[in-house]
Every structure is written in C-alpha cells, then in structure tokens.
Amino acid sequence: MRYSRYFIPTVKETPSDAEVISHQLMLRGGMIRKLAAGVYDYLPLGLRSIRKVENIVREEMNRAGAIELLMPTVQPAELWQESGRWEQYGKELLRFKDRKDTEFCLGPTHEEVITDLVRREVKSYRQLPLNLYQIQGKFRDEIRPRFGLMRGREFIMKDAYSFDVDEKAADISYDKMYQAYRRIFERCGLKFRAVEADTGSIGGSWSHEFMVLAESGEDAIVSCTACDYAANVEKAEARQSMVAEHADPRELEKVATPGKKSIEEVAGFLAVHESSLVKTLVLLADNEPVVALLRGDHELNEIKLKNILGCDTLEMAGEEVVIKVTGAPTGFAGPVGLNAKIVADLAVQGMKNFVTGANAKDLHYKNVNLGRDFAVTTFADIRNVVLGDPCPRCQGGTLEMWRGIEVGHVFKLGTKYSKALKATYLDADGKEQIIFMGCYGIGIGRTVAACIEQNHDENGIIFPIPIAPFHCIISALNMKEDVVREASESIYAQLADAGVEVLLDDRDERPGFKFKDADLIGIPLRIVVGSKNLADGKVELKCRRSGEVELVTIGEAVEKVKSAVSAALKQGIQ
RNA sequence: CGGGAUGUAGCGCAGCCUGGUAGCGCACCUGCUUCGGGAGCAGGGGGCCGCUGGUUCGAAUCCAGUCAUCCCGACCA
C-alpha cells in the first residue's frame, strides 16, 4: 500500500473529548472517528487491526469446532417476550416499531435468535454437540458510553453458542471455548488473565472473564499469590475468618456521638480501629427493606448480596426508608432492636464487643454482641475481598489485586434459554430432553483498544505484529531522488511478494513528519531509505518497540523483516 | 437518571464577566526556500459563535428554553 494513495488522517493534537490513551491514540492515528456518542466509524487503518483480531478469532473458533453463521441485527420483540427479557432487559435494549407497528429491537446479544434457530432445526441427539458463532455488530444503549471503542454503544462482537445433550457434555464444550480463548489472546500478544466471574443478566451458572491487564481497566480483579485462583472482585470469595475474638462480652453501653456519622468519624471519635465497628446498611431488595452488616473497614458487595437474597433489584435505601426502618437519620443505624431481615457478613461472626449505631440521632452503642443483643437472619459472604485476604482455594496464598479490561466472557448457561424457548431434542430412547447451552463473547474492537492500552509509549501505539494494521513501513525520505525511489520500490515489491503487509510512505513530506506518523500509528518495523546511507549500500531497520536501529543492506533488511514477521505470526499457532 | 462542565473555522483554544460588524495556533490552498524527528517566509480561502425564543438601537457576549458532547456517580456486560 502506498501511503500517498491511502487514507490515514492523523492529527497532531489530542482531541479534547478523549480520556483514555487508547481512545486518544486511535483518534490521533486515524483509526476511528466518532459519529455519535458511543458510535464510531472504523477508518481503514482501524479496520485492518479489527480484521486481524477477527481472523485470529475465526481461526481459533474453527479449530475448536465452532461453525460460523450470521444472524440479523434487527430482532423481533416476540422472541424476547418469550424468553422474558423484553421486560427484564431495560433501557439498554433499543426498541422500535416498523411501519406496521410491530415491535423490534437492535440485538445486544443473540441468545434468543440462536435458540429459536436451533429449536426449529435440531431434533435429535445425533445433531449434537453443536457450536455456532458469528462476528457481528451489536447495539447496547449504554447509559454512559465512554473511552472510545472500550465501551461503545455499537460494537463488533464475536458471539458463540454451544448446544449439548447434557451438563457433562456442555462442560466439555465450555472447556474447549476456554482453551480457544486462551490461544486467541495469546496470539494477539496480550497480557491477560482468565478470572471467575459473576454471570449478571445473561444468567447461567458459571462463567469466566478474560481480562487484559491495564491500569485503566474498568474492573478490579484478584489473583492468588500461590495457586491459580483468579476472580473478578464482584465474584471473589472471602474465606471465613479463622480468628474469633475470645474476649468476654462486656456490658452494652450507649455513648453520645454528636454529628459523627461515617465509620471514619465514629472510629476517630471513640479512638478505636474501624475494624472494631460494625456498619449497618439499609437496602431495598425488590422494594423490601433489608439490613446488611459488615465489619467497619469492609465494603458491601452488592452482587453477592443480590445473589444471596435472590432478588431482581437491590439498591441503597434513601433517607426516608432509613428513618422508617431504624427510627434515626442515616449514620446511626444499628442492628440492636431492629425489626428487619438482617444479613451479616461472615467477618462479623467472630467479632465481640463492637460498636454500632443506636438507631437514634447522635448515639452509638459500645460492646454490642451477637446473639445477646440482636439476632441475625443469615450469615453470608457479602463483602468485597481486599488486598492480602487469604485465598479461598488454597492454604497459604493471599490475594493480589489488578485492574483489567474485559475482552472475553464465557458462560455456562445451562437450560435458562432452552427451557424458556423450548429447545429440545430426542435422546437415544426417543425421550424429549432439554438442550444444555453455553455462550461465549469476545469484544473485537475492545480487544484492539485494550491492546493499545497495553502497548504504547509517548510517541504513539506499539502494535504487536499479529494485530498491527501493517507489519512494516518503508519511510522513503525523498521519493524525488532516483536512488531512493528505486531502492524503496524494490524493497516494497520484495516484501509484498513475500506476503509481508507493507506500507510505503511515498508522501512528499519532510522526514520528521514521516517518522512521527510512523511512530503514532504503531507499525512494528520500519525501514528508512535515505540517500546518505544508500551511498554505502545501506538502509536503516528500526524496531518500533525496542527502538533498536541497525544499518543493513537492502537484501538483509528484507530478510530480517520477513523472518521477524513469520516468527511473530507463528507464535501460538503450533 | 442525579451532580459538574463545555458547545466560536477541519482540530486545539481565546473573546463572553463589562453588549458595538469575530480572533490566535495547527491543518488547508499558492509561491519561493528548506529536507534524518511534526520546517521558514510571503500571500490566500474558510464561521447561521449548537439551535429556538426573549431583552436591546444593537447579542458570540445578558435572560429563558432546547439539543448535543464530555467528566463524576448510580446502572449495566
């Protein structure tokens, strides 16, 4: 490709509405342009990287036995009504009507459509297992799209759906996808972790997220220092504390705490550690008040609590509800004398003589004790794990924390959709059975963005070869000089013939300008052709990542580029 | 949806408080010079100052509404 005839509108200045580095660099590098909030044009350079990821995904999905198809973006409401998600999904589902007033939505995911297809076409156990996937545009009307391709409303996703005769077979399908995902992200050259995750609104019984490690990641994840346990903080299990305090219960005591509402204020005022307090949170679960108890220095994990309560909605109660439930303004709630469902975190179980609110303005209790002073409905793990917590799976390991960008998610769905949509098959005995499903997503655009988050410097993007838009750029310093032009064209032809994706910067621009653009768009290898070095029969070969420069002959440059590219592309394929 | 902010040339911004015929840098076009890390000089083109209404002799500027975008939060995969 000749740069002068191609379309790479780079910009020097950082657009003001881009916050994270990948968004800034993709805009500056002419990879994407915004059309509306969370909706982007993919320009040629951006599209090339997207296609690279798609192709890796495609190859690995095919290798794992999945079969590609393509489903529509527009989906009829009736399918969603049948699964129950028309009501459940909320505003994120973009709905509209056609001219006949029939309701439709733009597909945010395709469980309904694929299950509908399979229930109509699959009748026998002989047709299973089956795994179908597509790479396609999705639309989710996110409340707050941000960070460019990282959280757009329209985005490209690979979604696969597996269908099996029973749970055991479904587990095999799940494991195949899990392994395929590992290969995919390895081939993309990403540093990532597979973590246990909550299933959220997709539902199902088990899931793993694939997280690209990056400071700017929206998710907090933990991993064990000793074993291979890793989980999203939303899901990470806290192990019940071994240490129970053995202090004798002291007498309950009411103390004045004027204006001291937060845990920090109360602990400071009473000169005790925050861990000696129990925080009392009032929430509404499906609009019924529920009280959650946590050690003062711990945080509530709403997802865990929601799962334990089995409710559809869970939110922090407003001031009015707090007053109604506790009889006091916020900041003075406590479990003593409360008439409500109380869920206490496991860490509260071993505590003795702790401080809580007294359900009266400006008053707290000291020396509160479980059982004697109040009763708990349920003990459960409802807190967020913290750095240094013991690993829930092994002895001796502790938890470390990271930030990650979710680029893939695999779900074991079970029969949630197949039951709702009556997707069944006849087994060998002629008996009707429900199909077991799994679903598996990869955010294609997000993977490219995550890659940039992980691979950049002050000059721009540093693409790994497997997903770089071009492998090599030839910076021809002055195409008007015959020697430069001829050498550049020769290298260009040799590399292109060898299957290297090469961009020839033949523009009538100054050298500095070309170097800046080459760095910005992150082409991994650069050959600089200038008349000075050509006089010695040499060109300059530079590695974008290491900055390493070598002066070599044209023949050597071509060979080195060829072998570097083929080595990088082979990695992870064996 | 709650809080905060911003809409002025393709991009980045100033002007607004204190109303008086719209400016800077980059980019773009022409010419000359330059040519190994985003060149210099000279000349030039480009604006419904987000939109609608109001106040005023006069509005980019003041007021009201509206739309859009961004940030924080809640929400969500």
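Chain letters run A, B, ... following the sequence lines, proteins first, then strands; residues in each count from 1. Model, not experiment: these values are computed from the prediction.
- Distances shown here put every side-chain N or O of K91(A) at or beyond 4.0 Å from the OP1 or OP2 atom of C1(B).
- Side-chain contact between C439(A) and Y417(A) is absent, with no heavy atoms from C-beta onward closer than 4.5 Å.
- The side chain of V528(A) has G36(B) as its nearest neighbour among G36(B), C76(B), C75(B).
- Of the candidates G37(B), C75(B), C70(B), the closest approach to any side-chain atom of F515(A) belongs to G37(B).
- Residues V233(A) and I221(A) have side chains not in contact (no heavy-atom distance under 4.5 Å, counting atoms from C-beta outward).
- Summarising the base pairing, G46(B) is matched to no nucleotide, lacking a Watson-Crick or G-U wobble pair whose two defining distances lie under 3.5 Å.
- G45(B) and G53(B) are spaced 34 Å apart, taking the C1' atom of each and rounding to whole Å.
- Across the P atoms, G65(B) and A22(B) are found 29 Å apart, a figure rounded to whole Å.
- Comparing the C1' positions of U6(B) and C13(B) gives an interatomic distance of 12 Å, to the nearest angstrom.
- Proximity note for T10(A) (side chain, C-beta onward) versus G38(B), C76(B), C35(B): the nearest is G38(B).
- Between the side chain of N459(A) and the base of G37(B), no donor-acceptor pair under 3.5 Å is found.
- Applying the salt bridge (charged side-chain N to carboxylate O under 4.0 Å, His left out) test to pairs two or more places apart or on separate chains, none has a residue in residues 529-539 of chain A.
- Within the 4.0 angstrom heavy-atom criterion, no nucleotide atom of any strand lies near N232(A).
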Using atom names, set out every protein N or O paired with an N or O of nucleotides 40-42 of chain B below 3.5 Å, distance rounded to 0.1 Å.
none

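- Pairing for U61(B) is absent, judged as Watson-Crick or G-U wobble with the two contacts each under 3.5 Å.
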Discussion item. Across nucleotides 3-13 of chain B, 5' to 3', mark each nucleotide with B, S or - according to how protein heavy atoms within less than 4.0 Å reach it.
Written reply: --------BSS

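- Taking the side chain as every heavy atom from C-beta outward, I156(A) and I50(A) approach each other to under 4.5 Å.
- Nearest to the side chain of R510(A), among A74(B), A39(B), C71(B), sits A39(B).
- When distances are taken from the side chain of R146(A) to each of C71(B), G38(B), C70(B), the shortest belongs to C71(B).
- On a pure distance criterion of 3.5 Å, no polar donor-acceptor pair joins the side chain of E509(A) and the base of G38(B).
- Of the listed nucleotides (C76(B), C26(B), C71(B)), C26(B) has the atom at the smallest distance from the side chain of K12(A).
- Set against G36(B), C75(B), G37(B), the side chain of K516(A) has G37(B) as its closest nucleotide.
- Between F96(A) and V74(A), the closest side-chain pair of non-hydrogen atoms falls below 4.5 Å.
- The residue K514(A) sits apart from the nucleic acid: no heavy atom pair falls under 4.0 Å.
- Searching all strands for a Watson-Crick or G-U wobble partner of A9(B) with both distances below 3.5 Å returns nothing.
- F185(A) meets the ring pair (Phe, Tyr, Trp, His ring centres under 6.0 Å) test with F192(A), F210(A); sequence neighbours excluded.
- If you take atom P in C24(B) and the same atom in G44(B), they sit 12 Å apart, rounded to whole Å.
- The ring of W80(A) has its center closer than 6.0 angstrom to the ring center of Y89(A).
- Within the shown strands, nothing qualifies as a pairing partner of U56(B) under the Watson-Crick or G-U definition with both distances less than 3.5 Å.
- Taking atom P on both G43(B) and C62(B), the two are 35 Å apart, rounded to the nearest angstrom.
- As judged by a 4.0 angstrom heavy-atom cut-off over every strand, R33(A) is placed among residues making no nucleic acid contact.
- Classification of the Y174(A)-H208(A) ring pair by plane angle, with boundaries at 30° and 60°, yields tilted.
- U52(B) and A59(B) have their P atoms separated by 14 Å, with the value rounded to a whole Å.
- In this structure, the side-chain contact (heavy atoms from CB on, under 4.5 Å) partners of A564(A), at least two apart in sequence or on a different chain, are L525(A).
- The same atom, P, is picked in U21(B) and in C26(B); the two are 26 Å apart, to the nearest Å.
- By the side-chain contact (heavy atoms from CB on, under 4.5 Å) test, K34(A) is found to be paired with D17(A), Y40(A), residues two or more places apart in sequence or in another chain being considered.
- Side chain of R544(A) to main chain of I461(A): a donor-acceptor pair is present (N/O by atom type, distance under 3.5 Å, no hydrogens or angles).
- Annotation: side chain of L281(A) is in contact with side chain of L294(A) (closest heavy-atom distance under 4.5 Å).
- Closest approach to the K34(A) side chain among G36(B), C70(B), C76(B) is made by C70(B) (side chain taken as heavy atoms from C-beta onward).
- Among the atoms of the strands shown, none is found under 4.0 Å from any heavy atom of E218(A).
- The side chain of R151(A) lies closest to C76(B) when the candidates are G37(B), C76(B), C75(B).
- A distance of about 40 Å separates the C1' atoms of A42(B) and C70(B), rounded to the whole Å.
- Pairing for G73(B) goes to C1(B), judged as Watson-Crick or G-U wobble with the two contacts each under 3.5 Å.
- Within the nucleic acid shown, R28(A) comes within 4.0 Å of at least one base atom, counting heavy atoms only.
- The A37(A) side chain lies nearest to U69(B) when the options are G38(B), U69(B), C71(B).
- The partner of C41(B), taking Watson-Crick or G-U wobble pairs whose two distances both stay under 3.5 Å, is G31(B).
- Contacts of E315(A) with the nucleic acid, taken as non-hydrogen atoms under 4.0 Å apart, are absent.
- Using a 4.5 Å heavy-atom cutoff, the side chains of L503(A) and C472(A) are not in contact.
- Counting any heavy atom pair closer than 4.0 Å across all strands shown, D517(A) reaches a base atom.
- Using a 4.0 Å heavy-atom criterion, one finds that D141(A) contacts no nucleic acid atom at all.
- Note on K542(A): a base of the nucleic acid sits closer than 4.0 angstrom, heavy atoms only.
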